[in-house]
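Read the numbers this way: they start at 1 and go in the same order the structure lists the ligands and their atoms.
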Amino acid sequence: MTLLDDVRPSTTMEAPRAAPGVTVPAAHRTRRMRRTEALRGLVREARLDPAAFVQPLFVVSGRSRREPIAAMPGQARLSADLAVEAARELAGLGVGGLLLFGIPDAKDPAGLAAADPGGPVPETLRRLRDAGLPLALAADVCLCEYTTHGHCGVLDGERILNDPTLGALAAAAVAYAEAGAEIVAPSAMMDGQVAAIRAGLDAAGLTETAILAYAAKHASALYGPFRDAADSTPAFGDRRGYQMDPANGREALREMALDAAEGADILMVKPALTSLDVLARARDRFDLPLAAYQVSGELAMLEAAAERGWLDRRRSVLETLTAIRRAGADLIVTYLSADAARWLAED
Ligand code: PBG
Ligand code: ZN
């Protein structure tokens with residue numbers, strides 16, 4: 001007998017039958033509520049709502065400028081006029097908000113352009129405000145898109161300084177709030193950044209501007225595509241001296257508690273899919289709204305596999321977003337906001 005003969009289906013195979021000696025107790029029959037889509041719908045625990053999606057937009061100077069980002073299929077750097085067009089479409093789909101990232105024309109070691117009221121972010125915010133769309137307007141607050149070295153703070157040699165960075169972050173937050181941001185989102189992972197921004201906003205009379213804190217932000221490989229988009233890859237070293245060790249969950253909760261104490265209005269974890277445990281634990285611990293950021297690398301993984309036909313794009317995207325919601329996120333920052341909103345409307 002050859003090996004092949006061994007694996008050929010047996011012609012004497014029996015009809016399926018219950019395992020001898022096993023009776024399934026009535027209360028163990030969990031399949032009852034899975035029989036039809038209507039039954040499943042009755043007991044579904046987590047649902048997605050486009051109103052809780054936030055779409056990141058990369059904005060640049062100029063007019064009619066649209067530069068696709070290679071590692072982020074479907075995403076592009078947009079000038080303010082095209083960003084408003086994109087916003088109009090997102091609002092039409094019921095998406096809840098936007099998160100703006102600016103890519104300046106020129107960078108400098110201190111990232112001064114981050115607080116320039118004439119920069120692409122304030123320019124886009126003013127136009128969006130004038131457009132009067134039903135979207136919450138948020139702006140990311142960091143220096144890495146604006147510094148020549150790509151780090152999130154100001155330097156002394158190759159040291160990334162904490163306290164001297166805080167004033168620059170507060171100044172940027174004030175510039176964005178004055179231009180129309182309802183939410184500012186500090187992502188630099190400098191200690192005290194939420195307190196510094198809250199104080200800066202309040203001193204400028206911007207007491208109604210909310211803070212979405214990137215509270216638990218891991219030093220992740222999954223930000224790679226974003227750094228190409230923003231041209232913000234660190235020129236030396238890496239971000240592990242300020243972003244969190246991805247191995248740490250308890251420390252993530254401590255970061256969130258500190259940001260809550262400093263006055264954050266929303267606490268965010270990032271990346272989303274590698275932080276579901278943190279999200280679930282934070283849900284039990286904090287009453288503040290929780291956000292999760294499905295980052296550029298999460299997008300890249302889904303898009304690349306879908307493009308090869310290895311994953312069903314729609315099902316995979318909705319499943320990952322649902323898992324993020326199930327873990328405890330109230331709002332989700334995702335590059336897939338438009339498609340997800342469209343699919344949910346069809347369902
Ligand atoms: C800026 C910032 C980054 C992201 C959000 N804000 C990049 C980084 O920290 O390197 C990542 C977003 C993404 O990957 O989609 N500090
Ligand atoms: Zn940064």
Those atoms of ligand 1 less than 4.0 Å from some heavy atom in Cys144: 1 (C), 16 (N)
Cys142 SG and Cys152 SG subtending at the Zn ion (ligand 2) (10° steps): 110°
Numbered atoms and elements of ligand 1 in range of Tyr293, under 4.0 angstrom, heavy atoms: 12 (C), 15 (O)
Protein heavy-atom partner closest to atom 12 (C) of ligand 1 - residue, atom, separation in Å: Phe226 CD1, 3.4 Å
Basic-acidic side-chain contact under 4.0 Å: Glu182, Arg129: no
Asp130 and Arg126 ion-paired at < 4.0 Å: no
Within-shell test, Met189 vs ligand 1, heavy atom, strictly < 4.0 Å: no
Verdict with reasoning, Gln55 to Glu89, per side-chain hydrogen bond (donor to acceptor under 3.5 Å, both in side chains): CA-CA 11 Å; Gln55 170 69 37; Glu89 193 184 333; over 6 Å; no
Ligand 1-proximal atoms of Asp140, by part, heavy-atom distance under 4.0 Å: side chain
Distance filter under 4.0 Å to Phe101 heavy atoms, resulting ligand 1 atoms: 5 (C), 6 (N)
Presence of salt bridge, Glu123 and Arg127, under 4.0 angstrom: yes
Residue Arg44 excluded, over 12 heavy atoms near CZ under 6.0 Å: yes
Residue portion contacting ligand 1 (non-hydrogen atoms closer than 4.0 Å) for Ser187: both
Cationic N near anionic O, under 4.0 Å, Arg88 to Glu85: no
Non-hydrogen atom of Gln294 closer than 4.0 Å to ligand 1: no
Identity and distance of the protein heavy atom lying nearest atom 9 (O) of ligand 1: Lys217 NZ, 2.7 Å
Protein heavy atom at shortest distance from atom 11 (C) of ligand 1: Lys270 NZ, 2.9 Å
Within 45° cone and under 6.0 Å: Lys217 NZ/CZ vs Tyr242 ring: no
Side-chain ion pair, Asp339 and Arg313, N-O less than 4.0 Å: yes
Contact with ligand 1 for Glu298, non-hydrogen, under 4.0 angstrom: no
Nearest protein heavy atom with distance in Å, relative to atom 14 (O) of ligand 1: Ser296 OG, 2.7 Å
Check ion pair Arg314-Asp347 (N to O, under 4.0 angstrom): yes
Single hit among Arg40, Arg34, Arg35 for salt bridge (Lys or Arg N to Asp or Glu O under 4.0 Å) with Glu37: Arg40
Ala188 near ligand 1 by a heavy-atom separation under 4.0 Å: no
For atom 15 (O) of ligand 1, the protein heavy atom that lies nearest, with its residue and separation: Tyr335 OH, 2.6 Å
Per-atom contacts of ligand 1 with Cys142, taking only distances under 4.0 Å to non-hydrogen atoms: 16 (N)
Under 3.5 Å: N/O of Glu145 near N/O of ligand 1: no
Approximate separation, where rounding is to 0.5 Å, of Glu255 CD and His218 NE2: 9.0 Å
